[in-house]
There are 2 protein chains.
Amino acid sequence: MELTTAEENYLKAIYHLSVEGKKSVSTNDIAAEIRTKPASVSDMLRKLGEKEVIQYRKYYGLQITPLGIQLALQTIRKHRLWEVFLVDKLNFAWDEVHEVAEQLEHIQSLLLIERLDAYLNYPKFDPHGDPIPDAFGDVRSRPRIALQEMEIDQSGQIVAVKDSSPAFLRYLDKVGAYIGARIKVLDKVEFDGSVEILVDQKKTLFMSKDVASNILVLTA
Amino acid sequence: MELTTAEENYLKAIYHLSVEGKKSVSTNDIAAEIRTKPASVSDMLRKLGEKEVIQYRKYYGLQITPLGIQLALQTIRKHRLWEVFLVDKLNFAWDEVHEVAEQLEHIQSLLLIERLDAYLNYPKFDPHGDPIPDAFGDVRSRPRIALQEMEIDQSGQIVAVKDSSPAFLRYLDKVGAYIGARIKVLDKVEFDGSVEILVDQKKTLFMSKDVASNILVLTA
DNA sequence: AAAATAAATTAGGTTAAACTAAAAAATAAT
DNA sequence: ATTATTTTTTAGTTTAACCTAATTTATTTT
């Protein structure tokens with residue numbers, strides 16, 4: 001089964017919307033995600049349906065198939081491995097990698113990805129803390145909760161972000177809340193949902209509810 | 001100036017034919033190089049002419065412009081840097097890299113190439129011994145002659161091959177004539193042009209004229 | 001120099017992926 | 001339960017890159 005670059009991008013978007021966003025995936029959702037027009041999405045859904053990576057009934061809805069999930073995970077695997085390469089080996093900042101990884105993920109060569117994986121020492125998580133599927137598509141993800149949902153005095157480690165826009169990542173970098181940081185919730189303000197945390201047993205940090213709900217923590 | 005992947009491939013082919021093959025570049029030559037049809041080439045030449053990377057007068061001929069040369073060299077630079085990466089870091093054999101590098105060379109990111117160059121320690125030659133243009137397109141190539149043209153008792157170092165088809169590269173690997181090998185010409189048979197060489201002061205090797213004329217040597 | 005051959009280009013068609021505008025179906029509101 | 005609104009799909013274009021077949025230009029040959 002061969003997918004074009006465009007097809008891979010659609011499938012990846014559908015996978016993310018299906019898994020992360022729970023409820024059924026709409027044409028408009030996909031258009032927003034891919035930054036394209038709904039009419040283009042309808043076109044592509046028909047094609048993806050014919051290739052049996054999704055089950056598609058027009059006006060009704062779609063469901064990603066096991067084959068589709070497998071292919072999407074391979075693309076995600078490639079994307080995240082390249083991100084590790086860019087950060088670990090080429091010293092990219094974690095907010096600079098996405099665009100380039102978006103291109104690299106479409107390079108076709110099984111050997112390349114296997115070798116890259118070995119070279120990087122079989123990493124299990126990318127620089128944003130997201131799990132890297134193995135060659136069979138298996139993902140071992142750690143149970144994580146939003147910082148927002150933690151209790152006072154609970155501690156843990158920042159492992160990922162929900163919103164990975166460059167602006168947000170830069171903000172985190174600036175205030176010193178990097179992936180891997182060990183944190184403890186010192187206080188929560190009921191009124192506005194903001195929280196106060198201790199980072200690495202040194203620095204105290206205030207953050208709004210908006211920020212805190214975008215940070216994922218592996219609780220101890 | 002932005003070139004598409006196809007445009008980059010055509011320009012690269014035109015550059016190679018212009019520089020390596022001397023005489024004027026024909027539509028048919030390009031078609032053969034790119035494995036496409038002459039009609040498609042005509043189409044593309046018009047487009048490349050409009051973008052001013054070549055000077056083109058139909059039925060008459062073409063010439064690559066300084067801008068075209070610069071852009072072609074950037075693509076070649078990327079291709080050869082990726083080849084170094086694949087061989088040095090990911091342990092690819094030198095006959096396995098071309099296809100993958102052909103894809104990687106089109107990734108667009110100046111930062112990526114600069115970082116990769118630094119990571120590889122600013123290599124000057126790729127695994128086939130071809131020179132890597134620097135960020136400004138400057139190439140420092142070593143003066144090389146074909147093994148075929150060497151005199152008896154002359155010695156040197158294998159630095160490149162003309163024909164880099166996988167079959168030829170595999171053959172070289174098998175007989176132990178790798179890039180970097182130090183050699184000395186022991187004998188030349190006038191009758192058929194074949195040569196006998198000593199490799200690394202150890203192994204004696206016979207090769208046909210065809211093979212010898214495809215091996216480039218930096219003479220001592 | 002005219003005829004034959006070879007090379008290059010144009011004309012017209014295909015496919016993938018996008019788009020706008022219009023139509024159809026599903027959902028929500030009165 | 002009609003009407004209004006939103007969502008989705010279809011119809012018809014556009015662009016890039018290819019193709020075949022036909023034509024035009026250039027080059028050889030006689």
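On a predicted model such as this, the values are computed, not experimentally measured, just so you know. Both backbone and side-chain heavy atoms feed into the values below; hydrogens, waters and symmetry mates do not. The chains referred to below are lettered A, B, ... by the order of the sequence lines, with proteins before strands, and numbering in each begins at 1.
- At a cut-off of 3.5 Å, with distance as the only test, no side-chain donor of A:H16 or A:E33 sits close to an acceptor on the other residue.
- The CG atom of B:N28 sits 13 Å away from the C1' atom of D:dA26 (whole-angstrom rounding).
- Both A:T36 and A:K58 lie close to DNA chain C; mapped to their nearest nucleotides by heavy-atom distance, the more 5′-ward contact belongs to A:T36.
- Look at CZ on B:R46: it is 11 Å from P on D:dA17, rounded to the nearest Å.
- Atom CG in A:D43 sits roughly 17 Å away from atom P in C:dA21 (whole-Å rounding).
- Contact annotation: A:T4 side-chain N/O to C:dA17 OP1/OP2 distance is under 4.0 Å.
- Residue-level contact check: B:A6 touches the backbone only, with heavy atoms under 4.0 Å from sugar-phosphate atoms and none from bases.
- Closest of all the heavy-atom pairs between A:R80 and A:D126 is CG-OD2, 3.3 Å.
- With a cut-off of 3.5 Å on both Watson-Crick or G-U wobble distances, the partner of D:dT30 is given as C:dA1.
- The heavy-atom pair separating B:I34 from B:Y10 by the smallest distance is CD1-CA, 3.7 Å.
- With C:dT9, D:dA11, D:dA16 as the choices, the nucleotide that has an atom nearest any side-chain atom of A:A39 turns out to be D:dA11.
- No hydrogens or angles considered: a donor-acceptor pair under 3.5 Å links the side chains of B:S194 and B:D192.
- The phosphate of C:dA23 has neither OP1 nor OP2 within less than 4.0 Å of any side-chain N or O from A:Y59.
- Distance B:K37 NZ to C:dT14 P: 17 Å, rounded to the nearest Å.
- Note on B:T27: a side-chain N or O is less than 4.0 Å away from OP1 or OP2 of C:dT9.
- Nearest approach of B:W94 to B:V87, heavy atoms of both residues: CA-CG2, 4.3 Å.
- A straight line from CD1 of B:I30 to P of C:dA8 spans 9 Å, rounded to a whole angstrom.
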Return the polar atom pairs (N/O with N/O) between nucleotides 1-3 of chain C and the protein under 3.5 Å, or none.
none

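- As a whole-Å value, the separation of B:N9 CG from D:dA17 P is 10 Å.
- Atom-to-atom, CZ of A:R57 to P of C:dA24 comes out at 20 Å; the value is rounded to the nearest Å.
- An OP1 or OP2 oxygen of D:dT7 is reached within less than 4.0 angstrom by no side-chain nitrogen or oxygen of A:Y60.
- Between B:D130 and B:R144 a salt bridge is recorded (basic side-chain N to carboxylate O distance below 4.0 Å).
- If you take CE of B:M44 and C1' of D:dC18, they are 10 Å apart, rounded to a whole angstrom.
- Taking side-chain N and O atoms only, B:S40 has a distance below 4.0 Å to OP1 or OP2 of D:dC19.
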key: B:R46/B:E50 under salt bridge (Lys or Arg N to Asp or Glu O under 4.0 Å): CA gap, chis, key distance, verdict   = CA-CA 6 Å; B:R46 190 183 38 71; B:E50 283 166 11; 3.3 Å; yes
